[in-house]
Structure formats: structure tokens, C-alpha cells
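See below for the structure under consideration.
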Amino acid sequence: MSFKALHLNKSIIKAIDEAGYTEPTLIQEKTIPFILEGKDVIASAQTGTGKTAAFALPILELLFNEQDAPKKGKKVRALIVSPTRELAVQIGKNFKLFSKYSNLRTTVIFGGTGIEPQIDVLKKGVDVVVATPGRLLDLHKQDVLNLDYIDILVLDEADLMLDMGFIDDVKKIERLCPETKQNLLFSATMPFKVEQLANSILKTPKRIEVTPTSSAANNVSQVLYYVPKRNKIELCLHLLRNTIKGKRILIFRRTKFGVDKLEKTLTNNGYLVERLHGDRTQSERQTALNTFKSAKVNILIATDVAARGIDINKLDAVINFDLPNIPETYVHRIGRTGRAGQFGHSYSLCSADEKSYVKNIQQLINVQIPVEDNHPYPLDPKAKPIVHKKKGSKYKKGRKGQGSKKKKKRWY
Ligand code: AMP
């Protein structure tokens with residue numbers, strides 16, 4: 001199938017050609033016609049499937065006819081809500097790329113950075129807004145962002161949005177838009193809570209599914225190393241020195257603290273490393289990503305949430321320094337490599353207390369991950385998980401109050 005067969009106008013086709021896309025991906029082929037028909041859509045698709053263009057292209061096509069409105073009089077007609085800033089920036093880039101030969105304007109708004117420049121752009125008039133929930137509501141409250149003319153609302157990475165606790169914000173945003181709007185929901189996984197959200201928002205939606213999350217990428221070789229927890233750093237260094245020397249590598253850790261600790265060790269060992277997690281400022285995160293993307297460093301260490309949805313091309317390998325406790329996360333992680341017909345590698349380090357995670361992962365992907373025993377830090381098969389005794393009062397604490405819950409720091 002060609003993009004022309006999808007009935008996109010010439011200016012969009014020209015931009016697609018220039019981007020080097022020769023034919024639509026599966027998700028684009030399935031989704032674009034429904035969106036053009038004005039249908040609500042619920043799509044389960046991961047990053048890497050071309051899902052951003054699957055909604056950006058038809059949205060631009062639908063808005064195209066109205067593009068001659070003078071800039072000042074522009075009303076925001078499409079709103080894309082994204083859980084993370086990086087993802088919002090990436091979606092914004094897609095819209096800007098494909099609307100290059102039209103008068104349609106897109107802006108991206110997110111927290112953690114000055115609000116004034118965002119207000120200025122909104123006042124000048126835009127057609128498409130890509131936003132993270134908090135700043136979006138903030139700007140609406142300040143009367144700078146009018147949602148009364150929204151024709152299309154996109155909730156991207158809905159599962160992550162809910163995991164990050166944005167459910168109330170998302171529902172509020174939806175209520176602030178006109179009831180007649182078209183709704184599109186994209187999610188990498190479809191847990192019950194996403195289905196619930198979809199039921200409360202979407203009107204007789206078309207369902208689209210590509211690459212079920214349980215199928216791990218075929219062109220990624222997977223290896224499992226059993227290793228005592230205390231030796232993980234040494235094994236990681238051993239892999240970097242020998243097995244994957246000089247390659248482009250994304251290392252996943254479960255916590256921000258773990259990311260920082262590993263970064264220090266690798267830097268002390270002479271490696272060029274960047275790190276990505278939720279405690280870094282927006283500009284630090286963007287710089288880290290750009291430095292890795294431009295190949296100034298070859299190792300990026302990240303938490304799942306910070307790295308989710310980010311499009312990084314040409315990764316040679318993924319290291320699961322800590323194994324994820326959610327099996328689907330493993331599939332997402334290793335799917336970061338082996339893209340676009342290339343071959344990728346994944347290395348997972350498993351300590352005694354993570355063995356149950358391996359069991360769940362293997363059940364999900366229906367594959368026994370090959371184990372590599374030939375390494376300097378083998379784990380005694382009889383080793384038991386290390387249980388840290390809790391310090392502090394022997395008396396059970398009461399449930400936490402609302403105030404202390406709010407103060408709780410995010411771990412991702
Ligand atoms: P996404 O899933 O939206 O993050 O897209 C993943 C990558 O695929 C991005 O680098 C896109 O630029 C690229 N891409 C999207 N659609 C196509 C297409 N039809 N042909 C080739 N590359 C594409």
C-alpha cells in the first residue's frame with residue numbers, strides 16, 4: 001500500500017516523501033482510514049511501530065482544510081496528551097515535520113520549564129497542541145489555552161499515563177473538551193484500567209492491535225546471566241569490556257538511585273555515559289538524550305518510565321541491569337533494539353531475588369531465555385534471596401495520611 005492510497009493531500013505526501021517513508025507501517029495502514037472517517041479509535045501499539053504518524057498524518061489531513069485561517073484567529077483544534085516531556089517533544093516534531101508545507105502550526109507544552117514562552121506561542125495562535133497533563137491544566141486555568149474548539153483528542157501511551165497517576169488529570173482534560181470531539185487512545189498495553197478509561201471516553205471505537213506485547217522481537221538475541229547482586233556491576237563492566245565493547249547500549253535500572261550509582265561507576269571506569277530519570281530537570285534530560293542520539297556517548301542508563309516511548313535508533317544492545325517485575329516491561333525494553341530490520345542483543349542480569357521475575361517473563365513470551373554460565377561471577381544455584389531486616393520500630397505503623405502520600409517521591 002502507498003501513502004497516496006490513504007487519501008492524504010499533496011503537501012503531506014511531499015513531507016512524507018522527504019522524511020524517507022516509502023510505505024505506511026501496519027498501524028498506519030489500519031488506523032489512518034478510521035481516523036479520516038471521524039471514528040473514535042483505541043489502538044494497542046508500542047513505540048517503534050510508527051504509531052505517532054498513524055495519528056499525526058490523518059489529524060493534519062482533517063485540519064488541512066481550515067488552515068487558511070489567519071494566524072491570530074487560529075483555534076486549537078487537536079490536542080495530544082502525552083505522559084512524558086520527551087515523548088511530547090517527539091510527537092511535536094512529527095507534527096511539525098508533516099505540516100511543513102501547510103500553514104498548520106503545532107506547539108508543545110510541558111512542565112519543568114518556563115511558562116511565559118509557552119503562553120506567548122499560544123497567544124499567537126496554533127492548530128495543534130501536544131502537552132503533558134499538569135502544564136496543560138495550568139495553562140487552561142490561566143485562560144491562555146481554550147479547549148472549546150477541540151475536534152480531536154489523542155491520549156498517547158495511556159497505560160503509562162495511568163501508571164504515573166494522571167488518571168484524574170486526563171479525565172478532567174477530557175471533560176474540558178467538547179463532547180462532540182473525536183477521541184483516539186493509544187496504549188502499549190491494555191490493562192483493565194485502560195479499558196475502563198476507554199469505556200468512559202470513547203464512543204463505539206474501532207479497535208486496532210499490532211504486535212501483541214507478549215511477542216518478543218524475533219530479531220533480538222536474548223541472554224540471561226545469573227549473578228550475585230553484589231557482582232552485577234563487575235559483570236556489567238565485563239560485558240562492556242568484552243562482549244559489547246564500543247557498541248551503542250541502553251542500560252535499564254529500576255530506580256533513579258540505581259541509575260545514578262551505575263553512572264558514577266561507569267564514568268569512573270572511563271566510559272562515556274548519559275543518564276535519564278524522572279529527577280533530572282527537563283533540560284538535563286533533553287541534553288542527555290541529544291548527547292546519546294548524536295553518538296557523543298555510547299551508553300545511556302535509564303529508568304523504564306524515563307525511557308518509555310523515546311525513539312532511539314540504531315541501538316546495538318539493551319542491558320537489563322535489574323530485571324523488571326512487570327513481564328511486559330521486559331518486552332518493551334528488549335524491543336528497543338533490533339529495530340528496522342537490524343539485529344539486536346539483550347543481556348539480562350538476574351540475582352537470586354529476581355528469579356521469580358524470569359519465570360513470569362518466560363511465561364509471557366513463551367520462550368526459555370538462553371542462560372550463559374560461562375562468566376566470571378556465577379551465582380550459586382542454591383543461593384537464597386537476600387532479605388534485609390527492616391530497621392525502626394517493632395510496632396506496626398498506621399496507614400499513611402494523605403499529606404505524607406503526596407510528599408512521597410517518585411522512584412522512577
Ligand atoms: P513511532 O512508533 O511513532 O515512535 O515511530 C518509530 C520510528 O519509525 C520513527 O523513527 C519514525 O520516524 C519511523 N517511521 C514511522 N512511520 C514510518 C514509515 N511509514 N516508514 C518508515 N519509517 C517510519
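Start at 1 and go down the list; that is how both ligands and their atoms are numbered.
- Taking every non-hydrogen atom of Glu23 and a distance limit under 4.0 Å, the qualifying atoms of ligand 1 come out as 18 (C), 19 (N), 20 (N).
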Would you be so kind as to tabulate the donor-acceptor pairs closer than 3.5 Å made by side chains of residues 347-356, with sequence neighbours excluded?
unit_1	atom_1	unit_2	atom_2	d
Ser348	OG	Asn320	ND2	3.0
Ser351	OG	Asp353	OD1	2.6
Ser351	OG	Glu354	OE1	3.0
Asp353	OD2	Lys229	NZ	2.7
Glu354	OE1	Lys232	NZ	2.6
Glu354	OE1	Ser351	N	2.9
Glu354	OE2	Lys232	NZ	3.3
Glu354	OE2	Leu323	N	2.9
Lys355	NZ	Pro381	O	3.3

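- Asp159 pairs by the side-chain hydrogen bond (donor to acceptor under 3.5 Å, both in side chains) definition with Ser187, Thr189, Arg308, not counting sequence neighbours.
- On a distance-only criterion, Thr52 and ligand 1 share at least one N/O pair closer than 3.5 Å.
- Rounding to the nearest 0.5 Å gives a distance of 10.5 Å between CD of Gln286 and OG1 of Thr113.
- Residues Thr132 and Thr84 are not in side-chain contact: their nearest non-hydrogen atoms beyond the backbone lie 4.5 Å or more apart.
- An N or O contact shorter than 3.5 Å links Gln28 to ligand 1 by distance.
- Where the criterion is an N or O separation shorter than 3.5 Å, residue side chain and backbone included, Gly50 meets it with respect to ligand 1.
- Using a 4.0 Å cut-off between a side-chain N of Lys or Arg and a carboxylate O of Asp or Glu, Asp279 and Lys256 qualify as a salt bridge.
- Contacts between Phe3 and ligand 1 below 4.0 angstrom, taking non-hydrogen atoms only, involve the side chain exclusively.
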